[in-house]
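Okay, so here's the structure we're looking at.
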2 protein chains.
Amino acid sequence: MSVGIRHDDLRRRNRAMVLSAVRRTGQPSRTEIAATTGLSHSTISAISSDLIQEGILAESKPSETASLKRGRPQVGLALKPEAAAVVTVVLSLNFLSVAVIDYAGQVIAEEQRRLDTLTMPRDELIGECTAIVRRRLDDPDLDVGSVARIAMGIQGITDSHARAMLWSPITPLTDIPFADILEKEFGIPATMENDCNMMAVALQWRDPERYRDNFIAILLSHGIGMGLVLKGELFTGTHSSGGEFGHMIHRPGGALCRCGRRGCVEAYAGNYAIWRSAMKMSEDAEPVDVGDADMRALAAKARETDGAEREAYRRAGEALGFGLGSLFALIDPAPVAMVGVSAAAFDLIEPALREAIAQTAGGQHSKSISFDTEPNELPLIREGCAIRALTFVDQEIFASGVQARAGGKNVA
Amino acid sequence: MSVGIRHDDLRRRNRAMVLSAVRRTGQPSRTEIAATTGLSHSTISAISSDLIQEGILAESKPSETASLKRGRPQVGLALKPEAAAVVTVVLSLNFLSVAVIDYAGQVIAEEQRRLDTLTMPRDELIGECTAIVRRRLDDPDLDVGSVARIAMGIQGITDSHARAMLWSPITPLTDIPFADILEKEFGIPATMENDCNMMAVALQWRDPERYRDNFIAILLSHGIGMGLVLKGELFTGTHSSGGEFGHMIHRPGGALCRCGRRGCVEAYAGNYAIWRSAMKMSEDAEPVDVGDADMRALAAKARETDGAEREAYRRAGEALGFGLGSLFALIDPAPVAMVGVSAAAFDLIEPALREAIAQTAGGQHSKSISFDTEPNELPLIREGCAIRALTFVDQEIFASGVQARAGGKNVA
DNA sequence: CAGTATTTTTTCGAGGCTCGAAAAAAAGCC
DNA sequence: GGCTTTTTTTCGAGCCTCGAAAAAATACTG
């Protein structure tokens with residue numbers, strides 16, 4: 001069961017709170033931290049002094065507005081970039097990208113590579129992933145604190161403990177324990193994250209005003225994915241990354257989905273489904289990959305003339321609307337971010353979506369449900385992975401101050 | 001943001017842990033508590049000694065098996081029944097029931113009453129609820145510790161903070177802030193809970209083996225409701241009690257639902273929907289109340305002959321199956337408890353349900369999804385309310401030992 | 001039946017942590 | 001240069017948990 005809380009947990013948690021405050025706020029003063037955490041000035045002083053000695057935080061130069069107030073000026077605390085580093089690995093259709101990020105969140109190296117993920121055999125795919133990470137880690141130009149965490153993101157389903165890819169549209173392979181593979185290869189803790197979950201994490205980071213406690217990130221791309229944040233926490237399934245919004249049932253026994261089943265939301269709203277419908281192909285037609293350029297052309301045509309193209313987007317909107325309606329019946333309405341290439345065609349989707357959602361219980365306040373769009377998902381995924389990894393370093397490594405301290409007594 | 005953890009929180013949390021261990025386990029010894037909480041024997045000794053002095057716990061007589069082991073016998077700790085009491089109020093269709101429950105969880109008084117909830121005006125409904133509680137509290141026969149909490153449960157939607165009934169099928173009235181009303185009337189903290197959520201709480205309590213971290217309780221009655229536990233926590237919507245499984249969309253634009261919309265799961269699987277279908281009425285026919293006896297007769301007939309009745313249950317199963325499939329796409333499969341009068345007809349529902357669920361992404365392991373049935377929901381709801389209220393007393397009142405202690409120095 | 005072994009519970013001192021108050025530090029203001 | 005204001009550090013007090021040892025309560029053993 002839940003375990004009692006010990007005396008040393010206290011310090012650990014409060015250190016974690018300080019680190020989290022610094023990461024969120026940028027350069028808060030000790031006084032500001034005391035205010036947001038509710039801890040006393042003495043405690044914050046003690047903790048930050050420790051963290052500075054351990055090389056995790058640093059006092060930032062007085063900088064900026066040379067203080068207009070009188071009294072002793074606040075001195076900002078900042079994350080020390082060289083305290084650690086993390087690596088992000090994002091694997092998507094035919095594309096692999098890696099970045100090394102310092103403790104303060106700055107990208108200090110990256111590499112990208114095209115591969116044929118759909119046909120690659122298992123060993124080769126794994127090999128490419130480890131090789132690209134190794135190249136970055138071995139790069140002699142890179143002077144970086146020890147890498148403390150690797151976060152890999154992938155399109156597809158991962159397990160709920162963020163250890164393995166279970167299924168992915170980008171490869172016929174299944175059940176690849178990437179986290180274990182990376183940990184074994186590099187001796188660095190690693191996780192295997194779901195792409196849409198990372199999108200949600202990044203959105204929360206980018207715009208905490210809008211995306212705070214409850215919101216939904218929906219990927220409109222070849223497939224339909226979702227990242228869900230409820231009560232400030234990333235939602236996952238009981239076994240898998242969960243949130244397979246695209247495979248909720250829109251019409252029982254309906255159009256053929258890429259997953260082999262029928263009537264899923266994705267079978268109406270995925271790129272291939274929109275394409276299939278616009279080309280007046282049968283709903284049973286085998287899903288095909290459609291390039292981003294083709295999708296943009298399709299959207300342009302739909303805007304131009306009222307034909308099968310526009311109707312295809314309308315149907316996609318309807319499927320998304322009823323799907324969202326069912327989702328909202330479960331969790332209540334929340335702000336939505338539409339991400340991915342088809343989010344750029346959201347103008348074509350929105351009317352039917354709103355009409356559908358208004359017919360559902362969850363859409364009672366259809367008007368008040370707000371949508372935002374972001375056509376490019378890859379930067380979001382990388383950013384989410386970076387934040388995930390850095391937060392792990394904050395909370396799980398640096399919070400438990402079992403650091404060096406071997407320096408000696410040259411302390412003030 | 002999240003607030004720092006202070007020094008006094010420590011004791012409070014550990015006291016809460018001890019109380020929770022005693023409530024769950026029954027009569028654990030100090031040693032057992034130390035083992036399950038991970039706290040040291042010294043700490044448990046200190047805390048339990050405090051709790052005993054404060055009149056919250058009591059040492060139980062050595063009792064039972066006069067110890068077969070050698071060594072000093074363990075002495076069990078038990079909740080002291082007279083330490084406090086709670087009141088549960090369950091309001092359902094034409095029925096109001098109240099119970100007074102002691103701190104150890106025993107029912108010590110109850111009262112039930114029939115009312116015409118559907119036609120009652122607002123003041124009268126509220127008046128009946130407060131009057132029945134007042135009668136129990138004023139009962140001179142009742143010698144009970146001070147009542148520390150009232151938990152009211154109702155069929156329908158409540159807000160996510162458990163303060164008010166927002167909408168209910170048992171009355172045309174809406175937005176009744178029962179928690180505030182009861183608090184104001186009796187000066188006792190109160191909550192307004194959703195019936196299905198309380199069913200889930202009770203199931204978790206009754207059978208923690210099966211219903212532990214992830215499970216679903218579905219009410220099959222006039223309407224279709226759901227209580228959902230994920231990662232050990234009761235799931236609620238962002239604004240409301242949420243989990244309106246019955247109003248997920250099964251067939252866009254389909255059969256008329258009691259909520260006024262079309263195609264909801266409930267419009268196929270609610271009692272009125274099964275009845276409507278069995279009677280070969282139109283899907284647009286206005287929903288009517290069907291008595292439990294009629295439903296049982298209907299089920300009997302469906303078992304007897306393969307006619308419209310059996311087909312009606314088949315359709316209900318299909319709707320529930322596709323709904324569960326969509327739900328499982330979001331949260332992954334989990335054990336299900338079917339509760340309510342139509343759960344007694346689950347044999348008629350199950351085949352079509354399983355067939356439908358197998359056609360969905362969430363039903364990949366359809367065979368492994370297990371169902372249990374419980375035809376009577378009212379006892380579950382009351383039990384859930386009681387546990388809710390008692391847990392509140394444990395965690396929020398007794399954990400922060402701002403108790404009497406006025407006694408003096410007559411301590412050992 | 002007295003002594004010994006075993007297990008549970010309590011006691012006691014040590015070590016940490018947070019807090020409030022006061023002191024120290026670092027500015028601007030007059 | 002002295003005074004005010006604000007931030008940060010220092011210091012002692014008060015709790016809390018922990019480990020070790022003592023005390024308590026029983027069964028076993030010869």
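Here is the naming used below: chain letters follow the sequence lines, and residue numbers restart at 1 for every chain. All figures in this text were calculated on a predicted structure; none of them were measured in a lab.
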(request) Would you give a per-nucleotide map of nucleotides 3-8 of chain C, 5' to 3', where B means the base has a protein non-hydrogen atom under 4.0 Å away, S means only the sugar-phosphate does, and - means neither? (result) --SBBB

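In terms of polar N and O atoms assigned as donor or acceptor, the side chain of His7(B) comes within less than 3.5 Å of the base of dG14(D) in a complementary pairing.
Scored by the side-chain hydrogen bond (donor to acceptor under 3.5 Å, both in side chains) test, Gln106(A) finds no partners at all (sequence neighbours excluded). Taking the side-chain hydrogen bond (donor to acceptor under 3.5 Å, both in side chains) definition, one finds that Asp213(A) meets it with nothing, sequence neighbours left out.
Both His41(A) and Leu10(B) sit near DNA chain D, but only His41(A) has its closest nucleotide nearer the 5' end. Residue whose closest nucleotide on DNA chain D sits further toward the 5' end, between Ile44(B) and Ala46(A): Ala46(A).
Contact check on Glu54(B) versus Arg15(B) returns a salt bridge, with a Lys/Arg side-chain nitrogen under 4.0 Å from an Asp/Glu carboxylate oxygen.
Looking only at atom types and distance, the side chain of Thr236(A) has a donor-acceptor partner in the side chain of Lys231(B) under 3.5 Å away.
Set against dC19(C), dT9(D), dT10(C), the side chain of Ser45(A) has dT9(D) as its closest nucleotide.
Between Ser42(B) and the phosphate of dC18(D), there is no side-chain N or O to OP1/OP2 separation shorter than 4.0 Å. Taking only side-chain nitrogens and oxygens, Arg11(A) comes nearer than 4.0 Å to OP1 or OP2 of dT18(C).
Put simply, the side chain of Thr191(A) never gets that close to the backbone of Glu193(A): no donor and acceptor are under 3.5 Å apart.
Atom CD1 in Ile5(B) sits roughly 11 Å away from atom P in dT17(D) (whole-Å rounding). In this structure, Asp9(A) atom CG and dT18(C) atom P are separated by 12 Å, rounded to whole Å. Residue Met17(A) contributes atom CE, which lies 15 Å from atom C1' of dT18(C) at whole-angstrom precision. Rounded to whole Å, atom P of dT7(D) lies 15 Å from atom CD of Glu59(A). The CZ-C1' distance, from Arg13(A) to dT18(C), rounds to 15 Å in whole Å. A straight line from CG of Asp50(B) to C1' of dC16(D) spans 12 Å, rounded to a whole angstrom. Between Arg12(A) atom CZ and dC17(C) atom P there is a gap of 12 Å when expressed in whole angstrom units. The separation between Leu77(A) atom CG and dT7(D) atom P is 14 Å, rounded to whole Å.
Residues Arg23(A) and Leu390(A) have side chains in contact (heavy-atom distance under 4.5 Å, counting atoms from C-beta outward).
For an aromatic pair to be called close, the ring centres must be under 6.0 Å apart, and His239(A) with His161(A) fails this.
Residue Asn14(A) is in sugar-phosphate contact alone, with no base atom involved, counting any heavy-atom pair closer than 4.0 Å across all strands shown.
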